[in-house]
Protein chains: 2
Amino acid sequence: MSLNDRKIQILQAIINDYIETAEPVGSRTIAKKYNLGISSATIRNEMSDLEEMGFIIQPHASSGRIPSDLGYRLYVDHLMQKKELSPEEEQYLQNIVNRNVGQIDYLLEEMAKALSVLTNYTTIISEPVSQTIRIKQIRLLPLDDASILLVIATEDNFIKNHVIKMGSVPHEEVILRLGMYLNHVLQGYTMADIDADVVRRLQRELAEYSGILPHILKAIEKTMRAAEKVHLHMSGTNNILACPEFSDIQKAKSLFQTLEEKDVLVTLLESGKSDDMQILIGSENQVQSMKDCSVITATYKMGDNTRGTIGIVGPTRMDYSQVVSVLNGMVSNIEKVLKNLADGNKNT
Amino acid sequence: MSLNDRKIQILQAIINDYIETAEPVGSRTIAKKYNLGISSATIRNEMSDLEEMGFIIQPHASSGRIPSDLGYRLYVDHLMQKKELSPEEEQYLQNIVNRNVGQIDYLLEEMAKALSVLTNYTTIISEPVSQTIRIKQIRLLPLDDASILLVIATEDNFIKNHVIKMGSVPHEEVILRLGMYLNHVLQGYTMADIDADVVRRLQRELAEYSGILPHILKAIEKTMRAAEKVHLHMSGTNNILACPEFSDIQKAKSLFQTLEEKDVLVTLLESGKSDDMQILIGSENQVQSMKDCSVITATYKMGDNTRGTIGIVGPTRMDYSQVVSVLNGMVSNIEKVLKNLADGNKNT
DNA sequence: TGTTAGCACTCACTTCAATCGAGTGCTAAC
DNA sequence: GTTAGCACTCGATTGAAGTGAGTGCTAACA
């Protein structure tokens, strides 16, 4: 039994129809709606074959067929035709992006909103994180008589601060000088580079500052670690409730529960980070409560080693080609803006 | 017809039972479960009165009664007895708070999670915002050959930065000197204080820097404006789906939609900002999709004029006394920690 | 006069059977 | 290999009957 052209046409018809109507598709529907030039009886025969091959499923005897995860996989890999964004959609995306230049967190927030509006699914965006966070500049500033401000600029132009509280603060001159020295030594370092050797060297060479140095080193570590944490922006969760597949409240609840677990989401997004775009269909996804969901992730880059991920979560019956095209549009838009941002203007 | 003791006892019984079971409460149930020493017939007569007075409602003839918003209001204002937190709950809150000291955004994130776990409702927390954001210190730092870093510390110890991108960057000396001057002039100012007069004065006195001054002033404004934006943390939205009152998916969806509108949430939280604690019951709340919800807000302070709000959103049939006690516990815990934070260590 | 027992009545909810109809699989004819 | 025809399946809908929690009213009681 081979997957001939006609079978493929029928499979495609089933998928298209099911994506549109969310109802099992019968042979007569296909015969009427899609002029394949064959009768419903013939289509029935082919459908029987397609079911045997695992591409479609009959939810119960005497019902129409719905695509299986395998069917969607075939569709996504070979059958799906690329959609172009409509000029309105393109315009909409650009407006969002341009209106929010400058503040990367608001930009991503708005992007997530836009994507959920355009796709009618749930959007999750992770803020860009550098694979290796490298110190570009370190400064110490006296803040008041009990605290010093540590400012670290990373090579991809993120700025992080930390207020270091201490009993008594040395003279301004001293703080600035110490800052300059640390800057001199640690420039270009990642957290991993600041190992015991480096610390010992600093302790030796900066013996005169032994009162405050430990505080400062600890603050540097804290700050660098915090920079590694991933921030997420999510939008359009309510769209889930519009999907008939989640009209069962228990199902919806457990999905919502999952969507509140940051770790799970981060893992999910990370899994797609190697490729430009990745599509996880139904049970290809390991998370139990998302077995009826597909997740499409796209990676956006910002400089050489800083990247974030956009994920669209919808039912397996999602409009894949629409989502893919919207995602493509968004990624190219955002990368354009981030290119500018990468040269300055980032705030975190 | 007066609201005598017996009527109040019956009303209280109805409310307690309804909060527990979510089912309309009948006279026989009350007679059996709460030994008021009167028969169901008498209770029926009293209930009829209570209904006439507007405290309870009969969803349909021949069903039990449920409390009206007015009934809940009476309960909340006069009948509700304060619950004490159990030692476990108290411990749980303290653990959360202590485990996350130092990073205010993570702290609030975890707090929101904890509150939604303890209450089984949805929690929204706004990050503390100063009523009047006052500049404590301004610094300019050369970052690289095309950008300067602006650092503003506000009087309540929040740190904000902004990378100012410009064609060519003056010499380090110049930047530092300019920074010192701005710091000298603008210390203690709010955004409102930096009016046209001040700007003109700066432009006159810093004429030699006319090439970069406008960039910097614009950056200061942007940064101060961004500091005013409210950040929200939300958790436990999935709890909504466990409430029988939202088993109607349409209702649930429209509530979820509302919960994604930041403006609405901010307004909601702001409305409670004047009081320590505020309870909005059902339609006392203006938002249409929240007419079946009650919102309890509590304000937490951090220093004299910096405050944030915690809001718990649940069905009008929420366990008010439980929520109030958990909120009280949380506020006192968080204020303790923020007191320390306010003296340093905040990162934004 | 307030309380209570008793009873008729209401109405949402459940159950069950009948019916409907979309869809299938199989067979026989083309 | 394709198709028309037909019996069959089974979820969904409809409607009638029954159930039960709950009410309001009345008359009797303390």
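Quick note on labels: first sequence line is chain A, next is B, and so on, each numbered from 1. Computed over heavy atoms, backbone and side chain alike; hydrogens, waters and symmetry mates excluded.
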Using OP1 and OP2 only, check whether a side-chain N or O of T29(B) sits under 4.0 Å from dG22(D). yes
Which nucleotide, dA12(C), dT23(D), dT3(D), lies nearest any side-chain atom of S39(A)? dT3(D)
Output yes when at least one side-chain N/O atom of S27(A) is less than 4.0 Å from OP1 or OP2 of dT24(C), else no. yes
Rounded to whole angstroms, how far apart are OH on Y18(A) and P on dG23(C)? 14 Å
Write down the distance between CD (E46(A)) and P (dT2(D)), rounded to a whole number of angstrom. 7 Å
With a 3.5 angstrom cut-off on both distances, give the Watson-Crick or G-U wobble partner of dA29(C), or none if there isn't one. dT2(D)
Check whether any side-chain heavy atom of M234(B) lies under 4.5 Å from a side-chain heavy atom of I125(B), and answer yes or no. no
Quick check on dA5(C): is either OP1 or OP2 less than 4.0 Å from any side-chain nitrogen or oxygen of R44(B)? no
Taking everything shown except K291(B) itself, do over 12 heavy atoms lie less than 6.0 Å from its NZ? no
Between atom CG of L79(B) and atom CD1 of I15(B), what is the distance when rounded to the nearest 0.5 Å? 6.5 Å
Rounded to whole Å, the NZ-P distance (K7(A) to dT2(D)) equals 10 Å
To the nearest Å, how far apart are I43(A) CD1 and dC26(C) P? 18 Å
Side-chain donor-acceptor pair present, S294(B), Y72(B), cut-off under 3.5 Å: no
Return yes if some donor-acceptor pair links the side-chain N/O of T21(B) with the main-chain N/O of D17(B) below 3.5 Å, else return no. yes
Which is true for A61(A) with a 4.0 Å heavy-atom rule: it touches a base, it touches only sugar-phosphate, or it touches nothing? sugar-phosphate
For dA30(D), the nucleotide meeting Watson-Crick or G-U wobble distances (both under 3.5 Å) is dT1(C)
I want to check one thing: is the phosphate of dT4(C), taken as OP1 and OP2, less than 4.0 Å away from some side-chain N or O of T42(B)? yes
From NE2 of H60(B) over to P of dG20(D), roughly how many Å is that when rounded to an integer? 17 Å
Quick check for you: among dT4(C), dC10(D), dT24(C), whose closest atom lies nearest to any side-chain atom of M47(A)? dT24(C)
Between dT9(D) and S62(A), counting only base atoms on the nucleotide and side-chain atoms on the residue, is there a donor-acceptor pair under 3.5 Å? yes
Can you check the I10(B) CD1 to dT23(D) P distance for me, whole Å? 11 Å
Q58(B) side chain: which of dA5(C), dT3(D), dT23(D) is closest? dT23(D)
Nearest-Å distance, CG (N45(B)) to P (dT23(D))? 11 Å
Think R28(A) has a side-chain N or O under 4.0 angstrom from the OP1 or OP2 of dT3(D)? no
May I ask you to say whether R73(B) pairs ionically with E284(B), meaning some side-chain N is under 4.0 Å from a carboxylate O? yes
Re dT15(C): Watson-Crick or G-U wobble partner, both distances kept under 3.5 Å, found to be dA16(D)
Residue pair R6(B)/E51(A) against DNA chain C: nearer the 5' end by closest nucleotide is R6(B)
Could you give the CD-to-P distance, from E23(A) to dT24(C), as a whole number of Å? 14 Å
